[in-house]
Amino acid sequence: MGRIYNFSAGPAVLPEEVLQEAADEMMDYRGCGMSVMEMSHRSKTYDNIIKEAEADLRDLMGIPDNYKVLFLQGGASTQFAMIPMNLMKNKVADYIVTGQWAKKAYQEACIYGKANKIASSEDKVFSYIPDCSDLPISEDADYVYICENNTIYGTKYKTLPNTKGKILVSDVSSCFLSEPVDVTKYGVIYGGVQKNIGPAGVVIVIIREDLITEDVLPGTPTMLKYKIHADNASLYNTPPAYGIYICGKVFKWIKKMGGLSVMKERNEAKAKILYDFLDQSAMFKGNVRKEDRSLMNVTFVTGDADLDAKFIKEAKEAGFDNLKGHRTAGGMRASIYNAMPMEGVTALVDFMKKFEEENK
Ligand SMILES: *Cc1c(COP(=O)(O)O)cnc(C)c1O
């Protein structure tokens, strides 16, 4: 069997060229006589791999010199604790709750200090992004927290919240490298890479240097201090070495494709095909408010749970896998990350048209 169109939300589709290159280098990485998986993370060869990955990411995102790039473990979920442990100097932070991941981050922060839920879209099953132009930002908030692209529900911030001068912390797990970003608008940008960048096991944290201090909450484990990882260039302990190597290959692939503005154009074009179809379909309907639609995760329903199940089953048989919505959201979700080719989206829409025709 060949490769199919994989619409998984994460771990998710990766560029075929990257997988092929990794396969070619599996047994013998560039004459080393071993795989990157078998290599010391202290070796010169590996040092080049991680340094080049960081340099390429800096180049792609235009990361200024006063920001550190950290390659960590523990998934995005460990950051839910690491952020308050390291940044809650006043023990106060403001959270905007736009989905399950933001909610989990908020709940975790409540363990460490006073986390304020200053806005939420839970009243309408997280189907929109609240107006964040004039929120009741706390006077003494250490930061304002958002989840920028809501993987489960399919919404995305089109403008960043007005934090009234407070530091913005953003979980970009499912929109990482999907479009250009102005890093200077953030204190911390972080994400698990298994959505849009690489294999599960790596989380990338981009953090402004002045936020990396010894002044962390008492009891913070050494491994959860940004400073230890920053001081050791992500090599304090054994990093997720193979995963970082694959991320590095994806950075090079994106650069070769033309960078983040080209990614954005491609992603807009792909999403438009799917959303335009949903907007005219009598059977399928998009779940979220139009102006808040994600380019990465497209959620939709037929309005009939049995028909949804039939669609998911028949789509899988036709070679379109992982279209089932998140277990907490139901319906369908097509995740169309950077590595999903345009043909995958047009083929899916053709299949949806056919399904609609056959099931009138
Ligand atoms: C998947 C996801 C997470 C959780 O990631 P883990 O690496 O499994 O901890 C957090 N935030 C967002 C936006 C996600 O999409």
Side-chain angles (χ1 to χ4, degrees), residues 6-14 70-85 93 95-109 111 115 120-122 125-129 143-158 160-161 168-179 181 186 188-207 223-224 229 239-240 242-244 246-247 250 267 287-288 292-299 322 324-329 333-340:
N6 174 14
F7 293 92
S8 172
V13 59
L14 288 170
L70 310 176
F71 294 101
L72 307 178
Q73 305 189 54
S77 300
T78 298
Q79 293 306 308
F80 298 168
M82 212 163 155
I83 288 158
M85 286 180 138
Y95 279 71
I96 302 174
V97 176
T98 52
Q100 293 293 343
W101 297 119
K103 192 174 174 178
K104 284 190 172 166
Y106 161 72
Q107 286 166 341
E108 193 74 9
I111 299 172
S120 166
S121 52
E122 196 161 11
V125 209
F126 299 120
S127 60
Y128 67 102
I129 299 289
Y143 59 88
V144 175
Y145 182 100
I146 61 168
C147 176
E148 207 160 321
N149 184 80
N150 296 279
T151 327
I152 296 173
Y153 300 95
T155 59
K156 160 113 205 297
Y157 285 81
K158 300 296 158 78
L160 293 175
L168 180 64
V169 175
S170 179
D171 174 358
V172 299
S173 294
S174 50
C175 59
F176 227 150
L177 304 183
S178 64
E179 59 183 20
V181 358
Y186 303 81
V188 180
I189 304 178
Y190 81 92
V193 304
Q194 74 272 26
K195 308 291 161 66
N196 204 20
I197 301 181
V202 183
V203 57
I204 298 175
V205 177
I206 300 161
I207 177 168
M223 274 295 286
L224 298 190
H229 296 290
Y242 193 81
I244 294 167
I246 299 290
C247 291
V250 173
N267 290 329
N287 294 3
V288 308
D292 303 324
R293 283 170 164 176
S294 166
L295 294 181
M296 299 279 97
N297 311 98
V298 180
T299 55
N322 291 312
K324 195 172 182 334
H326 189 268
R327 59 197 153 79
T328 63
R333 170 176 55 178
S335 296
I336 49 174
Y337 297 117
N338 286 347
M340 172 58 65

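Just so you know, ligand 1 is whichever comes first in the structure, and atom 1 is the first atom listed for that ligand. Just so you know, these numbers use all the heavy atoms, side chains as well, and skip hydrogens, waters and symmetry mates.
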A.B. asks: Which ligand 1 atoms does T151 reach within 4.0 Å, using its non-hydrogen atoms?
C.D. replies: 12 (C), 13 (C), 14 (C), 15 (O)

A.B. asks: Tell me, please: is C147 in heavy-atom contact with ligand 1, that is, under 4.0 Å?
C.D. replies: yes

A.B. asks: Answer with yes or no whether G192 contacts ligand 1, where contact means a heavy atom under 4.0 Å from a ligand atom.
C.D. replies: no

A.B. asks: So N150 and T155, side-chain hydrogen bond (donor to acceptor under 3.5 Å, both in side chains) or not? Walk me through it.
C.D. replies: CA-CA 5 Å; N150 296 279; T155 59; 3.0 Å; yes

A.B. asks: Can you tell me which residue and heavy atom of the protein come closest to atom 1 (C) of ligand 1, and the distance to 0.1 Å?
C.D. replies: K195 NZ, 1.5 Å

A.B. asks: Find all atoms of ligand 1 within a distance of less than 4.0 Å from any non-hydrogen atom belonging to G75, and give their numbers and elements.
C.D. replies: 7 (O), 9 (O)

A.B. asks: Can you name the atoms of ligand 1, numbered from 1 with element, that are less than 4.0 Å from a heavy atom of S173?
C.D. replies: 11 (N), 12 (C), 13 (C), 14 (C), 15 (O)

A.B. asks: By the definition side chain to side chain donor-acceptor pair (under 3.5 Å), identify the one residue from S294, S174, S335 that meets it with T151.
C.D. replies: S174

A.B. asks: Please determine whether side-chain contact (heavy atoms from CB on, under 4.5 Å) holds for the pair F176 and I206, giving the CA-CA distance in whole Å, both sets of side-chain angles, and the decisive distance to 0.1 Å.
C.D. replies: CA-CA 11 Å; F176 227 150; I206 300 161; 4.1 Å; yes

A.B. asks: Side chains of Y337 and F7: closer than 4.5 Å at any heavy-atom pair?
C.D. replies: no

A.B. asks: Starting from atom 11 (N) of ligand 1, which protein heavy atom do you reach first, and at what distance in Å?
C.D. replies: D171 OD2, 2.6 Å

A.B. asks: For a 4.5 angstrom cut-off between non-hydrogen side-chain atoms, does T98 reach I146?
C.D. replies: no

A.B. asks: So which protein heavy atom does atom 5 (O) of ligand 1 come closest to, and at what separation?
C.D. replies: A76 CB, 3.5 Å

A.B. asks: Only counting residues at least two apart or in another chain, list the ones meeting salt bridge (Lys or Arg N to Asp or Glu O under 4.0 Å) with R293.
C.D. replies: D279

A.B. asks: Give a yes/no on ligand 1: does Q194 have at least one heavy atom closer than 4.0 angstrom to it?
C.D. replies: yes

A.B. asks: So which protein heavy atom does atom 9 (O) of ligand 1 come closest to, and at what separation?
C.D. replies: S77 OG, 2.6 Å

A.B. asks: Shortest non-hydrogen contact from G154 to T299?
C.D. replies: N-CG2, 4.0 Å

